[in-house]
Amino acid sequence: MQGSRLGWAVYEEIPMPRAFITGVTGQDGQHLAEFLHGKGYQVFGLVKGQNNPKADLLRDQFPYVEIVPGDLADLPSLVKAMEVAQPDEVYNLAAISFVALSWNQAELTANLTGTGVLRMLEAVRMVGGASDNKIRFYQASSSEMFGKVRETPQTERTPFHPRSPYGCAKVFGHDITVNYRESYGLWACSGILFNHEGPRRGVEFVTRKVTNAAARIKLGLQNDLVMGNLDAKRDWGYAGDYVKAMWLMLQQDEPDDYVIATGETHTIEELVERAFAEVGIDDWKKYVRQDPKFFRPAEVDLLIGDATKAREKLGWTPEVDFPSLVKMMVKNDLAIEAARAGLPVPS
Ligand code: GDR
């Protein structure tokens with residue numbers, strides 16, 4: 001009041017928007033936390049278990065993330081987490097995300113990657129998602145849902161044919177998200193993300209396994225690289241680009257589902273060849289052999305996404321292309337592995 005009497009504009013303090021991320025300790029969770037923090041969000045992250053070592057990583061590297069305890073397998077803990085965080089936006093990135101593991105832990109995968117989505121949607125609905133559409137919800141859907149692809153390239157309209165327990169669980173997560181939007185008017189989106197990688201990728205995934213091995217072989221720390229199927233094709237983008245698409249989806253007037261992809265596909269063999277070339281090894285075949293144990297009971301042979309809708313409606317385009325992605329990952333692995341071994345980084 002006094003301000004306006006004196007001719008000053010009086011502004012109410014605008015509260016920081018609040019984001020809640022499940023899977024915050026994973027590759028995408030880290031990128032998204034960083035991105036949202038940069039945009040001025042107060043970021044909350046769900047972390048399961050007691051003394052979870054991943055919580056230490058968060059405290060060290062992402063001290064601005066407020067850790068909220070809870071578990072995707074436990075609905076009351078998710079409701080409590082929603083009450084604590086009071087989020088404007090919820091990003092459900094938590095899952096058992098390693099496809100190969102899902103055959104060995106199929107029920108756990110169904111419970112976390114599939115039914116976990118239902119629990120999150122219920123928690124959002126119970127704490128205020130449906131009544132006034134206050135909370136906006138993002139579900140991390142996956143190109144693995146297309147599996148044995150019915151058409152190429154794959155779009156939002158391509159039918160699903162999952163090829164793994166992981167893919168089946170993701171189809172449930174996707175469909176239940178659409179269903180809660182249609183049943184309860186929940187403000188819920190699903191991002192059908194094709195493979196997205198980067199230096200934060202775990203070494204069990206093929207891109208990081210290959211870039212890490214190329215770096216270690218170059219440094220003389222490893223003799224060979226044992227692989228599975230080299231013929232599968234993937235549409236690989238950079239995780240840092242993909243989390244922007246997640247955020248953009250939640251800034252639209254209406255909730256919708258979007259394919260996020262580069263529109264380019266490469267074989268695993270091309271990935272290997274390029275990663276080895278990055279460290280100056282042209283005869284990569286000398287170092288690589290295949291073992292049936294890395295082959296999957298059912299494979300997804302070809303993925304290539306058409307992200308036209310995301311480009312037109314969200315204004316989203318990927319910035320890092322495949323050669324730059326491999327280069328970035330190899331460079332990072334060379335630096336990490338050389339430092340660990342006390343060696344100079346090769347130029
Ligand atoms: P994907 O990723 O299953 O596509 O799912 P991954 O990197 O594990 O496999 C990609 C392809 O590489 C072939 N492959 C190998 N894979 C691994 N991990 N290790 C190997 O030694 C190897 N040799 C060949 C695989 O058979 C496969 O064809 C990823 C995950 O991040 C999911 O969570 C996500 O939903 C999708 O991407 C989009």
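Bear in mind that the values here come from a model prediction, so they are computed numbers and not experimental data. In each ligand, atom 1 is the first atom listed, and ligand 1 is the first ligand listed.
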Mode of [X] contact toward ligand 1 - side chain, backbone, both, neither (heavy atoms, under 4.0 Å):
X      : result
Glu204 : backbone
Asn195 : both
Ala232 : side chain
Lys209 : side chain
Leu193 : backbone
Val206 : both

Aromatic ring proximity, centroids under 6.0 angstrom, Trp247 and Phe35: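 Here the rings of Trp247 and Phe35 have centres that are less than 6.0 Å from each other.
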Centroid-centroid distance, Phe205 to Trp236, less than 6.0 Å: no
Give the atom numbers and elements of ligand 1 that come within less than 4.0 Å of a heavy atom of [X].
X      : value
Phe294 : 21 (O)
Glu144 : 4 (O)
Ser142 : 34 (C), 35 (O), 36 (C), 38 (C)
Gly228 : 21 (O), 22 (C), 23 (N), 24 (C)
Glu299 : 25 (C), 26 (O), 27 (C), 28 (O)
Ser97  : 30 (C), 32 (C), 33 (O)

Atom 34 (C) of ligand 1: the protein heavy-atom neighbour that sits closest, reported with distance to 0.1 Å: Tyr166 OH, 3.5 Å
Would [X] count as being in polar contact with ligand 1, using the rule that some N or O on each side must be under 3.5 angstrom apart?
X      : result
Ser143 : no
Phe205 : no
Phe98  : no

Pair Gln42, Gln86: side-chain N/O donor-acceptor within cut-off below 3.5 Å: no
Residue-ligand contact Arg201/ligand 1, heavy atom below 4.0 Å: yes
